[in-house]
Number of protein chains: 2
Amino acid sequence: MISIPVLTLKRLPQYLELLYGFEQEGQDTISATRLAELTGVHMTQVRKDISLTGVVGTPKVGHKIKDLIESIESCLNWKDLSSAFLVGVGRLGSSLLGYSELKRKGLNIVAGFDSDPSLAGTLVDGVIVHSMDKFANLCQRMKVHIGILTVPADQAQSTAELMVASGILAIWNFTPTLLQVDENIIVEDVDMSASLAVLSRRLSEKYDHDSKQISKIDNYKNKTDQEKQ
Amino acid sequence: MISIPVLTLKRLPQYLELLYGFEQEGQDTISATRLAELTGVHMTQVRKDISLTGVVGTPKVGHKIKDLIESIESCLNWKDLSSAFLVGVGRLGSSLLGYSELKRKGLNIVAGFDSDPSLAGTLVDGVIVHSMDKFANLCQRMKVHIGILTVPADQAQSTAELMVASGILAIWNFTPTLLQVDENIIVEDVDMSASLAVLSRRLSEKYDHDSKQISKIDNYKNKTDQEKQ
DNA sequence: GTGCATTCGATATTAAAATATCGAAATACT
DNA sequence: AGTATTTCGATATTTTAATATCGAATGCAC
Ligand SMILES: NC(=O)c1ccc[n+]([C@@H]2O[C@H](COP(=O)([O-])OP(=O)(O)OC[C@H]3O[C@@H](n4cnc5c(N)ncnc54)[C@H](O)[C@@H]3O)[C@@H](O)[C@H]2O)c1
Ligand SMILES: NC(=O)c1ccc[n+]([C@@H]2O[C@H](COP(=O)([O-])OP(=O)(O)OC[C@H]3O[C@@H](n4cnc5c(N)ncnc54)[C@H](O)[C@@H]3O)[C@@H](O)[C@H]2O)c1
């Protein structure tokens, strides 16, 4: 199975999102050109990305939307559900338990785990929450290989180690902690800090000569808004 | 103000996280070499990243941790708080309202907004929630320029447009929707789908010849675990 | 003080990603 | 039917990012 570049993998869900929209609108085909316009990704890049999923289009027409969705979904292994355990049923954790969209993306959270004894045995959005001592055993018995990590930052490393020792092969890490685990464990960080860093800096780069700039922009915007009327 | 590459910006918070740890342990200096070991980023890359923030180190010693933190934080504009509004106080939205870590990263959510009338006037984790009709007015009066978007996907585009019309200059977008807004508005996506796509595919690439492979790995792991004892 | 090891930071090389170019295939139009 | 036009997909070029190399600076051991 060929290795697809990370950046391509990160673009594929974007295309999918648009494709679902078109499908609902009853559209039948779509061109790479159009996808490029909508995503801001270069036309040739879209073509390369699409071709990596293994689908072929027809000249002048483009791609059959149904085929393209099918191809991207199976490329990402989103066609059938993988089971996952979530550890840390706090604010973020329980919001994920209720996030039904994940099922449409191949992820089925079959149980939550938390060190807080008052949560053990409860249901959160229909998902059972267990105490931590059940983790290793259930993990092996149910052959679950994906772990979602939403514990406090200072508990992240030890929890990750427990996961790995219990048979977890891939960790979806929502904590800001940099996990140190065996190198053949797949760790994928959902890095909100990283994203916030980019937003923060880009805003500074654009306007922070000393925030007077922002007022200028405000004035400019008001002006053009008036002109538009 | 120079433009720092996205990938560098995304690595800076990683370094910071480690640096906070060292600072607490009472350490005084750190070398790029050590940061490279811990993050998996190449040593020369770490040096480049660090030098982009404007700090200089001393040979043989490395960098003063205090200076480095200071330098990265001010590079990301995390030293002083920017005000933000959050729209969509649902599962994810309210989990963000309670996420105090954001304040340490320069972001101060000063109010939430929601179309659900039963939420108007309530406090969520100490943050006031307003009805949507107050958004434009408060945005201008309080000179808030950052908007956090956590409404359902089908409401994302229209809400983004409201934000832009109200003076928002940067949108932190947690929805899977690809926003179409004026090009000088900064949009930063927290793309969980993208992250899940990478995790999913990498897992397939590694083990999906037909999932027998995973059992093999299990056996292998058990074996080596025994050997370790 | 002198050599030695370490680390910085600048410059060069390599690798990877994004963009441009071009011919061929398919449809629509004359 | 023939021609123009759109779009695909393969190949080349350019740009950007990652890695390697090297000299200089600093502190430490002797
Ligand atoms: N809240 C957010 O919006 C948000 C956003 C981004 C990242 N995060 C990160 O997600 C993580 C969780 O944040 P949160 O706001 O949901 O915190 P939280 O305190 O609301 O929830 C943490 C949960 O983990 C449980 N827990 C603590 N130690 C545990 C352990 N050793 N084993 C198992 N369970 C344990 C707690 O009982 C609690 O239920 C943090 O690392 C945070 O940095 C949160
Ligand atoms: N829940 C998660 O863990 C999670 C994870 C990743 C992404 N997301 C995305 O975040 C968004 C919110 O997800 P959620 O699970 O919190 O949903 P939710 O239904 O729990 O919350 C949505 C909130 O938005 C409000 N709302 C709806 N329309 C609105 C409008 N036009 N203006 C203002 N407020 C409006 C609703 O009243 C509700 O309070 C979705 O786009 C989802 O795809 C959620």
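Heavy atoms only: backbone and side chains are in, while hydrogens, waters and symmetry mates are out. Lettering of chains follows the sequences in order, A, B, ..., and the numbering in each one begins at 1.
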statement: Note: B:M163 and B:I148 closest approach over all heavy atoms is CE-O, 3.6 Å
Please enumerate all protein N or O atoms sitting under 3.5 Å from an N or O of nucleotides 12-14 of chain D, with distances to 0.1 Å.
none

message: Any side-chain N or O of A:R47 below 4.0 angstrom from OP1/OP2 of C:dA20?
response: no
Phosphate-side-chain proximity, B:H63 and D:dT26, N/O vs OP1/OP2 below 4.0 Å: no
query: Does the cation-pi check pass for A:R34 over A:F22, that is, NZ or CZ under 6.0 Å from the six-membered ring centre and within 45° of its axis?
result: no
task: Return the nearest nucleotide to the side chain of B:T44; candidates are C:dG9, D:dT19, C:dT19.
output: D:dT19
statement: Winner on side-chain proximity to A:P5, out of C:dG9, C:dA17, D:dC8, is C:dA17
task: Could you tell me whether the side chains of B:T8 and B:D49 share a donor-acceptor contact shorter than 3.5 Å?
output: yes
query: Just how far, in rounded Å, is C1' of D:dC8 from CZ of A:R34?
result: 18 Å
message: What is the distance, to the nearest angstrom, from the CE atom on A:M43 to the P atom on C:dT21?
response: 10 Å
message: Working to the nearest 0.5 angstrom, can you tell me the gap between A:L96 CG and A:L92 CG?
response: 5.0 Å
task: Using only heavy-atom distances, determine whether the side chains of B:Q27 and B:E23 contain a donor-acceptor pair under 3.5 Å.
output: no
Protein N or O to nucleotides 27-30 of chain D N or O, pairs below 3.5 Å:
none

message: In whole Å, I'd like the distance from the CG atom of A:L68 to the P atom of D:dG9.
response: 10 Å
- prompt: Given atom CD of B:Q45 and atom C1' of D:dT19, what is their separation to the nearest angstrom?
  reply: 8 Å
